[in-house]
Number of protein chains: 2
Amino acid sequence: MAASRIAPAMNAVAHPSVCPRQCEDCGLRRSPAFTPASAAELETIESLRSGSLSVPAGGTLIRERQLNARLYTLYSGWAMRYKTLSDGRRQILNFLLPGDLAGLQQQFGEVSSHGVEAITDCHFCLFEDDALWSLYREHARMGYDVTWLAAREESLVDENLLTTGRRSAPERVAMLLMQLHRRLERLGLTAADGSAPFPINQQHIADALGLSLVHTNKTLRRLAQMGLHELSGGRLRILNARVLARIAEFYDSIPRLAPLL
Amino acid sequence: MAASRIAPAMNAVAHPSVCPRQCEDCGLRRSPAFTPASAAELETIESLRSGSLSVPAGGTLIRERQLNARLYTLYSGWAMRYKTLSDGRRQILNFLLPGDLAGLQQQFGEVSSHGVEAITDCHFCLFEDDALWSLYREHARMGYDVTWLAAREESLVDENLLTTGRRSAPERVAMLLMQLHRRLERLGLTAADGSAPFPINQQHIADALGLSLVHTNKTLRRLAQMGLHELSGGRLRILNARVLARIAEFYDSIPRLAPLL
DNA sequence: CGCGAAATTGAGTACGTTCAAGAAAAGTGG
DNA sequence: CCACTTTTCTTGAACGTACTCAATTTCGCG
């Protein structure tokens, strides 16, 4: 891509896509989306880290029904949590963006009730086996943070449940577009023109919203023709946030900065 | 009901429906469904407790968009977490049974994104304002437990999202019946004949499953006519667990005992 | 017994699904 | 750089599950 020389940083906060050795050098931490960590906290995190893991697009980080999954922080890329039925029907529970934890539900000795799969090439920060418990013991504050992250993810799933349970197809699509765009914005991943990377296909959208692929396509198309959004070249641009928000009844409060493990 | 004199304990573990003063006397703790707490832990819990709260059936414990909700443990009765859209469409996120926490998501200074309402008369154990943070500081172990509870609730919501997103109406109903029956069983709330208290109406079921009231009724009826379950007098009896489980693809692993705050 | 809430049933409709096929886009290898 | 393959997107048509509307019955309770 010749353009990359001219426009080097699509991300407001550029960071190397591979998780560096030292947490101190962690590019994610430089993002204003996260609470700054104290030196002591950084040290604790670093001591509990056992390396990094790269998963190619489409690769599986945690399998459904897997035992003893580890704990990860997504460093770069998009991933998803999902569940499937025996005949292949799939429900995406939520999308994971940089800074999100993966594997938390599995830290309590139980079988994973969902899978985690990389949507784009992903880099994860990998923690030691008993990292979670150590964290609670050594830094109550950070244990508290983990609970906050868990609660925030649950509220995401809550919203998705309202969406699939009670919203119409256009409402669902509008919701998804607004939600993801807002999350990307917070992470500083939107470009100057307001567009954001959007590496998921219509099958992903359908599986996240509980719709069929065909109907997802038709609904997406209708909203685009109304001039509400633009979706091309793997990027999303919101053209009429007001109307999309009204359709979806999307009103999110500005949350406090997220802690970053 | 004349029968109540003959069969005094519908619950395997009887406990007074009102939360007693001393946690030591807490009837719930005597249930084998929960991990026993050490004397030190009990003391901590008791010190963080600021009393109990009774909410009549239909009453609201936490309003949607409420600020500064407190933290509660449901002591007796059924409650529900829910979200609504402006035109009244309602999605029940999950049902709360004795031992479940309420208000955890709101402990981090944010507005409640869901409501909590009592379905039957409920008694809650109420905690101090900063109880959660104190807990993490004083007993790392119990902070860890809270995260476990949060993770468990999220996995419940995950399952409900799969249900509304991808299961057919009969599958949804079968799932709900099996899920709730299993939870009641674990709490020792099933009678000798296998029946369990089931104080929700078809509107609740519809709102939990993302179905209309009418369709819920027809589906429920069909399953009952197939001899899979019996629903009357506010009680549920599973008549053919095997078939219901197969329809719903309901396979839950036996989880470890739940901690009780 | 009578009232209100909850459950039940039928009829017509609509939203979303499935089936099918073609167009566009994105990779792949020579 | 182009031919070829594969994936993704798009559109039309027929169908079906679930919804809405409406009316009746049953149940719980004072």
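Here is the naming used below: chain letters follow the sequence lines, and residue numbers restart at 1 for every chain.
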Rounded distance in Å - CG (A/L213) to P (D/dT8): 10 Å

Nucleotide D/dT8, atom P - distance to CZ of A/F198 in whole Å: 15 Å

Residue met sooner reading DNA chain C from 5', once B/I200 and A/R172 are mapped to nucleotides: B/I200

Atom-pair distance (CG on B/L209; P on D/dC19), nearest Å: 10 Å

Charged N-O contact under 4.0 Å between A/D100 and A/R81: no

Comparing A/G234 and A/T219 on DNA chain C - which has the more 5′ nearest nucleotide: A/T219

Whole-Å gap separating P (D/dT10) and CD1 (A/I205): 10 Å

Nucleotide nearest A/K218 when distance is taken to its side chain, options D/dG12, D/dT10, D/dA22: D/dG12

Minimum-distance pair of heavy atoms, taken over all atoms of B/R70 and B/L126: CB-CD1, 3.7 Å

Cationic N near anionic O, under 4.0 Å, B/K83 to A/E159: yes

Spacing between A/Q203 atom CD and D/dT10 atom P, to the nearest angstrom: 14 Å

Separation of atom CZ in B/R235 from atom C1' in D/dG28, rounded to whole Å: 17 Å

Intermediate values then yes/no, side chain to side chain contact (heavy atoms under 4.5 Å, CB included), B/R183 and B/L156: CA-CA 11 Å; B/R183 287 177 67 193; B/L156 257 184; 3.8 Å; yes

Shortest non-hydrogen separation from A/Y75 to A/P98 and the atoms involved: O-CB, 3.6 Å

Distance test, side-chain N/O of A/Q202 to OP1/OP2 of D/dT10, below 4.0 Å: yes

Bounds of contact between DNA chain C and chain A, in 5' to 3' order, using a heavy-atom cut-off under 4.0 Å: C/dG16 to C/dC19

For B/V116 against B/A102, the heavy-atom pair lying closest together: CG1-CB, 4.5 Å

Distance-only side-chain donor-acceptor flag, A/H204 / A/N201, under 3.5 Å: yes

Lys/Arg-Asp/Glu bridge criterion (N-O < 4.0 Å) met for B/R235, B/D193: no

Separation of D/dA13 C1' from A/H215 NE2 (nearest whole Å): 15 Å

Side-chain N,O (A/N201) to OP1/OP2 (D/dT8) below 4.0 Å: yes

Along DNA chain D (nearest heavy atom to each residue), the more 5'-positioned of A/R166 and A/R221: A/R221

Separation of D/dT11 P from A/L220 CG (nearest whole Å): 11 Å

Exercise: identify the closest heavy-atom pair between A/L184 and A/A196: CD1-CB, 3.7 Å

End axis versus end axis in the helix from C/dC1-D/dG30 to C/dG30-D/dC1, the angle rounded to 10°, five pairs used at each terminus: 50°

